[in-house]
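A quick write-up on the structure given underneath.
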2 protein chains.
Amino acid sequence: MPQEKESKIQQKLILSKSSTLFWEKGYAETSMRDIANECGFRPANIYNFFENKESILFEILFQEMEDILTPIRNLAEDESIDPRDGLKQVIANHLRMTLGEKRNAKLLFDSGLNNLSPKNRKKIIKQRDEYDRICLSIMSRGKKAGIFKCENERLAVYCIASMIARSRIWYTPDGRNSVDDIIEFMYEFSLKGLGVVKTGAKK
Amino acid sequence: MPQEKESKIQQKLILSKSSTLFWEKGYAETSMRDIANECGFRPANIYNFFENKESILFEILFQEMEDILTPIRNLAEDESIDPRDGLKQVIANHLRMTLGEKRNAKLLFDSGLNNLSPKNRKKIIKQRDEYDRICLSIMSRGKKAGIFKCENERLAVYCIASMIARSRIWYTPDGRNSVDDIIEFMYEFSLKGLGVVKTGAKK
DNA sequence: TTTTTATTTATGAACGACCATTCATTAAAA
DNA sequence: TTTTAATGAATGGTCGTTCATAAATAAAAA
C-alpha cells in the first residue's frame with residue numbers, strides 16, 4: 001500500500017488552499033494566517049513545509065503551467081497531426097484547464113509574476129515561451145501546408161491565447177455557455193480568423 | 001487666464017503618479033508612502049485631497065474606463081455607420097487607449113476591482129456593461145444586415161474584447177509590431193472570425 | 001499698500017493593525 | 001530514541017490613517 005507520506009499530504013493541502021485563496025483574493029491580499037486558518041493549523045506550521053510565502057506561489061504557478069503544457073508538448077514536433085486539430089487541442093486543453101475547477105478566478109498568473117524572485121520568475125517565463133513555441137510551430141506548419149493564411153503568426157498566437165486566458169474573467173459556470181460551447185466557438189472563430197474558409201471535418 | 005486651482009493640480013499629480021505605480025506594481029503593493037514620495041511630499045498630505053487609498057483607485061479606474069467609452073458612445077445607436085467601421089473604431093480606440101501611454105502595464109483593471117467598495121465597484125461594472133452593450137449593438141446590426149455571420153454574438157464580443165484587453169500583457173512598445181499593426185491585425189482577424197469573407201474597403 | 005484674518009497646503013509624530021518570519025518548546029509518530 | 005509535526009510568543013517591519021500644528025497662500029480690512 002503506497003500510502004502517501006504525511007509531509008506530502010500537508011504540502012498538498014497548503015498548496016490547494018493557497019491556490020484557492022490566491023485566485024480569489026490575490027497574492028498580496030492573502031496572509032499566511034488566512035492559509036493556516038483554511039488548513040486548520042497555526043501559521044508557524046507552514047514553515048515546516050515551505051520556505052516562505054513566495055515558494056508557495058511559485059509552486060502553484062509552476063504546476064498549473066505544467067498542467068497546461070504537458071498535454072500539448074507532443075504537438076510541437078509531430079508532423080502527422082493536422083494543424084487544425086492541433087489548434088483545437090490547444091484551445092480545448094487550455095480552456096478546460098482554465099475554466100474547469102476554479103471559480104471566481106482572478107488573474108493570479110499575470111499579477112503574480114511580480115511577486116516572484118527573479119530566479120523563479122525566469123522559470124515560469126520559460127514555460128510561457130514553450131507554450132508560445134508550440135503554438136507557433138502549429139501555425140507555421142498550417143501556413144506551410146496552405147491551410148492557414150495568416151500573415152503574422154506571432155500576433156495570431158497572441159490573439160488566440162488572449163481569448164483563452166481572459167475567459168477566466170468573464171466565464172461563469174452557470175451562464176448560458178458551457179465550456180464546450182466556448183471551445184467550439186473559439187475554435188471556429190480562430191479558424192476563420194486564420195483564413196480557413198471551409199471547415200475541414202464537419203464532425 | 002483660466003489658471004488651474006492648486007488643489008486640482010495636486011489632485012491630478014496624485015492621480016497620475018498613483019496610476020503609474022498601480023499599473024506597474026499593483027494596488028496592494030503600492031503604499032501611500034510610495035505615492036507621496038513620487039509626488040514630492042509626505043503621505044499625510046494625500047489626505048488633504050483624497051479621502052483614502054481606495055478613492056484614488058476608483059478615480060483612476062473610472063476615468064480610464066470613461067476614456068474608453070466616450071469615443072464610442074455614439075456607435076450604439078447610430079444606424080448610419082457600417083458595422084465593420086464600428087468594429088474597427090472600437091478596436092482601434094480601445095487598443096490605442098490600452099497600449100498608448102502606459103508601459104510595463106499589468107492588469108490593474110481586473111485585479112483592482114476587488115479592492116473597491118461595493119458601491120464603487122458597481123459603478124465600474126456599469127461602465128463595463130455599457131461597453132458590452134455598445135459592442136453587442138454593433139454585432140446585432142451587422143448580423144441583421146447580413147454582414148456578420150456569427151452565431152453567438154455575446155461570445156464574439158467577449159473574444160474580441162479579450163484580445164484587446166490582454167494585449168497589455170504581451171505588447172512591448174519597442175517590439176516588431178506597432179500599435180497600428182496590431183489594430184489592423186485584430187480588425188482583420190475579427191472580421192474573418194465573424195465570417196466576413198471579402199474585406200469591404202481595401203483602404 | 002500694508003496689515004490682519006481666514007483658508008489651504010504641508011508636516012512630524014504617533015496609533016493600532018496586520019504582516020511574514022523566527023525560535024524555543026512541546027506533542028505526536030516512526 | 002530519533003525524527004517529524006505543531007504550537008505560542010515574540011520580532012522587526014510596513015501599512016493606512018489620524019491629528020495637532022506649522023508654513024504658505026489668498027482674501028479682507030485698514
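Residue numbers begin at 1 in each chain, while the letters A, B, ... track the order of the sequences. These numbers come from the heavy atoms of this one structure, side chains and all, not from hydrogens, waters or symmetry mates.
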Salt bridge (charged side-chain N to carboxylate O under 4.0 Å, His left out) involving B/D34 - partner list, sequence neighbours excluded: B/K25
Nucleotide C/dC23, atom P - distance to CG of A/N48 in whole Å: 13 Å
Contact nearer the 5' end of DNA chain D, comparing A/I46 with B/E51: A/I46
Pairwise distance CD(A/E66) to CD(A/E59) - rounded to 0.5 angstrom: 11.0 Å
Partner residues of B/E153 under the side chain to side chain contact (heavy atoms under 4.5 Å, CB included) criterion, sequence neighbours left out: B/L136, B/M139, B/S140, B/K143
Non-neighbouring partners of A/N45 that pass side chain to side chain contact (heavy atoms under 4.5 Å, CB included), sequence neighbours left out: A/F41, A/N48, A/F49
Interatomic spacing from NZ in A/K17 to OG1 in A/T30 - rounded to 0.5 Å: 13.5 Å
Please write out each protein N/O paired with an N/O of nucleotides 25-27 of chain D under 3.5 Å, distance rounded to 0.1 Å.
none

Between A/Q63 and A/D67, a side-chain donor and acceptor under 3.5 Å: yes
Closest heavy-atom pair and its distance - A/I60, A/L15: CD1-O, 3.8 Å
Quiz item: A/N45 side-chain donor-acceptor pair to D/dA5 base, under 3.5 Å: no
Length of the CZ-C1' vector between B/F50 and D/dT18, whole Å: 19 Å
Give me the distances for all protein-to-nucleotides 10-16 of chain D N/O pairs that come in under 3.5 Å?
unit_1, atom_1, unit_2, atom_2, d
D/dG16, OP1, B/T30, O, 3.3
D/dG16, OP1, B/K53, NZ, 2.9
D/dG16, OP2, B/M32, N, 2.8
D/dG16, N7, B/R33, NH1, 3.1
D/dG16, O6, B/R33, NH2, 3.3

Distance in angstrom units between B/F41 CZ and C/dG12 P, rounded: 13 Å
Options D/dT7, C/dT11, C/dT9, nucleotide nearest the side-chain atoms of B/R42: C/dT11
Parallel, tilted or perpendicular: ring planes of B/F189 versus B/F185, cut at 30 and 60 degrees: parallel
Residue pairs passing the salt bridge (charged side-chain N to carboxylate O under 4.0 Å, His left out) test where at least one lies in residues 173-186 of chain A, sequence neighbours excluded: A/K88-A/E184, A/R96-A/D180
side-chain N/O B/Q10 vs C/dT8 OP1/OP2, d < 4.0 Å: no
Distance in angstrom units between A/E54 CD and C/dC19 P, rounded: 19 Å
